[in-house]
2 protein chains.
Amino acid sequence: MAAKKPAGRKDAQTALARAVFEGLRDEITGGKLRPGQVLSRRQVASRYGTSYIPVIEAMARLESAGLIDVEARQVARVRTITLETIQDDYVLREAYETQAVRLACEAATPGEIEDLYRLADAVDEYVAAGGTKRTGDKEGPLLHWQFHRRIAEVSRCRALVRELERIELLRRLQANWYFAPEVPDLPRCHALLVDAIESRNPAEADASMRAHVRSGLEKELLAYRMNVTPGTR
Amino acid sequence: MAAKKPAGRKDAQTALARAVFEGLRDEITGGKLRPGQVLSRRQVASRYGTSYIPVIEAMARLESAGLIDVEARQVARVRTITLETIQDDYVLREAYETQAVRLACEAATPGEIEDLYRLADAVDEYVAAGGTKRTGDKEGPLLHWQFHRRIAEVSRCRALVRELERIELLRRLQANWYFAPEVPDLPRCHALLVDAIESRNPAEADASMRAHVRSGLEKELLAYRMNVTPGTR
DNA sequence: GATCTATCAGTGATATATCAAAGGCTCGAA
DNA sequence: TTCGAGCCTTTGATATATCACTGATAGATC
């Protein structure tokens, strides 16, 4: 049996199910589990030292999050990466991000815009310094994510933040198996996005963001094509 | 116990969990369960004649779908409707629908455009005939949904269809408790959307769709303000 | 009479047990 | 050597049982 935690916080009742969910989520997005790998509920249960039940709930949530696929006979596998999944993810990402900048145009306070400039400059400097693309690099993608996440937060729509976070998890899963080639971004690419927000012109901001997301998609597709399909198993 | 169905289809193994999920989903979207109503896992289990376990999985999925909220102490309630949930839903809907028409502009075949015109005309005629807004009316909203769903299908992005379906379920939940007042649409409002797709101009189609969705939001907000908050409990 | 406490019913979380189906492996026969 | 039947293992689905916690209520106490 797993250690019983008194769970002081009111929301920590469902300790094990949550622990299994978060554990598997982190293992999947952290690259410890290969795409396509079968996840046996029983094995997961014993690996986490819990019974079968919390795993059922965790797997249901993982499936809803898109991190695992459950096919026939309830065989659960870590999400595999295909051309279609990459494109679908980017369609959603583009929908969310363009919507977020549009709302940010209307809702952003001057202070938030300053904040966004700070984040954008950090990303742009990091990219300009050629820091990205080092194997195993975590800092660059993290900065980039924080910038985009902040835009969603500024949009004042929680649902948008939540959905974007979900997509980000899928991106992380993929990033462990497809290493993007060196493709230079436009200089000050992210600061330009904040410029667009500051200009309070939603259509323009939308167009900038759409181009930005599309260039990300192009990189992903390039990476996908350059890598032999790995965890197909 | 519940009747054992041999479940000939390969995907029907998880019969009970699925049955509970779909049953609750339909009860919620069909207005049989009030927003805010507490759903006890045990009571649901006995009501569906199953044990506790399938209900756990069903509730996890319902929560992911946004149809129930699970607050502190794991008390599950049918999603309550607030100004924020209405607005958030429409932000996502706008993101999905505008993305869908943009993609439809590029991907729609002439045959699909004809098909869309057929659906649009049906909706427009129904609206023009004043058919909508009859209490308990199901046909109008169904036609409307089929039109919008078809656009998503034409976009060739499964993920977009899936997410739009999720939002549609939330709208149905709400529609049972807030009756929209009579607000006339623009004539041929939906056919104009197909015109925009046919023109193959994504930005223009986006703008038309955005205006269309926003007018829907205005109606919902009006309905919300006109109705005393019902199932707040 | 008001208040405090002990008990009880309801609920969620989880462990264990049972059942059925699928896949694989062994052993024997051709 | 190869193929096939039957057994065994693994797995998923689900029922039942147990534990802890919460809220309410009844009874005792001041």
Side-chain angles (χ1 to χ4, degrees), chain A residues 1-25 33-34 36-64 67-79 233, chain B residues 1-25 33-34 36-64 67-79 233:
Chain A
M1 253 313 311
K4 300 273 175 55
K5 294 186 223 166
R9 277 86 46 93
K10 59 183 179 181
D11 62 1
Q13 307 281 351
T14 169
L16 293 189
R18 180 178 300 259
V20 173
F21 171 80
E22 293 179 353
L24 284 178
R25 180 198 63 191
L33 297 173
R34 244 185 331 169
Q37 180 162 353
V38 172
L39 291 176
S40 152
R41 285 159 175 73
R42 284 178 201 273
Q43 283 179 15
V44 169
S46 76
R47 195 150 59 82
Y48 279 84
T50 78
S51 85
Y52 196 87
I53 310 277
V55 182
I56 292 176
E57 185 178 336
M59 300 275 265
R61 292 184 192 279
L62 286 170
E63 191 190 0
S64 293
L67 287 169
I68 66 176
D69 291 321
V70 178
E71 5 169 298
R73 257 191 58 243
Q74 295 302 104
V75 175
R77 293 171 180 273
V78 176
R79 186 194 215 227
R233 174 237 134 87
Chain B
M1 260 316 67
K4 301 274 174 55
K5 296 186 221 165
R9 277 88 44 92
K10 58 183 178 180
D11 62 1
Q13 307 280 353
T14 168
L16 294 188
R18 182 179 299 257
V20 173
F21 171 80
E22 293 178 354
L24 285 177
R25 180 198 63 191
L33 297 173
R34 242 187 333 168
Q37 181 162 352
V38 172
L39 291 177
S40 152
R41 284 158 175 73
R42 285 178 200 274
Q43 284 179 15
V44 169
S46 76
R47 196 150 59 83
Y48 279 84
T50 77
S51 85
Y52 197 87
I53 310 277
V55 182
I56 293 176
E57 186 179 335
M59 300 275 264
R61 292 183 192 280
L62 286 170
E63 191 189 0
S64 293
L67 288 169
I68 66 175
D69 291 322
V70 177
E71 5 169 298
R73 258 190 59 241
Q74 294 304 102
V75 175
R77 293 169 181 275
V78 177
R79 187 193 213 228
R233 180 234 131 81

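Chain A is the first sequence line, chain B the second, and so forth, proteins listed ahead of strands; every chain is numbered from 1. What you see below is based on every heavy atom in this structure, not just the backbone, and it leaves out hydrogens, waters and symmetry mates.
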Novice: Given 3.5 Å as the limit, does a donor-acceptor pair link the side chain of B/Y48 with the main chain of B/L24, or not?
Specialist: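 Side chain of B/Y48 to backbone of B/L24, a donor-acceptor pair under 3.5 Å: yes, one is there.
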
Novice: Taking only side-chain N and O atoms of B/S40, does any of them lie within less than 4.0 angstrom of OP1 or OP2 on C/dT11?
Specialist: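 It does, given that an N or O in the side chain of B/S40 lies less than 4.0 Å from OP1 or OP2 of C/dT11.
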
Novice: May I ask you to verify if any side-chain N or O of A/R41 is less than 4.0 angstrom from the OP1 or OP2 atom of D/dT11?
Specialist: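 It does not, given that no N or O in the side chain of A/R41 lies less than 4.0 Å from OP1 or OP2 of D/dT11.
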
Novice: Would you say the side chain of B/R42 and the base of C/dG12 hold a donor-acceptor pair, judged only by whether the two atoms sit under 3.5 Å apart?
Specialist: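 Present.
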
Novice: Just how far is it from atom CZ of A/R25 to atom CZ of A/R61, taken to the nearest 0.5 Å?
Specialist: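 Going from the CZ atom of A/R25 to the CZ atom of A/R61 covers 12.0 Å.
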
Novice: Checking contacts here: which listed nucleotide (D/dT14, C/dA15, C/dA13) is nearest the side-chain heavy atoms of B/Q74?
Specialist: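 So the side chain of B/Q74 is nearest to C/dA13.
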
Novice: Nearest-nucleotide wise, let me know which of B/L39 and B/I53 is further upstream toward the 5' end of DNA chain C.
Specialist: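 So the residue in question is B/L39.
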
Novice: B/Y52 or A/Q43: which one's nearest nucleotide on DNA chain D is closer to the 5' end?
Specialist: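 Closer to the 5' end of DNA chain D: A/Q43.
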
Novice: Could you tell me how far apart A/L16 (CG) and C/dG12 (C1') are, to the nearest whole angstrom?
Specialist: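 Roughly 13 Å, once rounded to whole Å.
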
Novice: Less than 4.0 angstrom between a side-chain N/O of B/S51 and OP1 or OP2 of D/dT14, yes or no?
Specialist: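 For B/S51, the contact criterion (side-chain N or O under 4.0 Å from OP1 or OP2 of D/dT14) is not met.
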
Novice: Can you name the residues that form a side chain to side chain donor-acceptor pair (under 3.5 Å) with B/R79, not counting sequence neighbours?
Specialist: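 So B/R79 forms a side chain to side chain donor-acceptor pair (under 3.5 Å) with B/D89.
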
Novice: List in chain and number order the residues that pass side chain to side chain donor-acceptor pair (under 3.5 Å) with B/R42, two or more places apart in sequence or in another chain; answer none if no residue qualifies.
Specialist: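 Per chain and number, B/R42 pairs via side chain to side chain donor-acceptor pair (under 3.5 Å) with no residue.
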
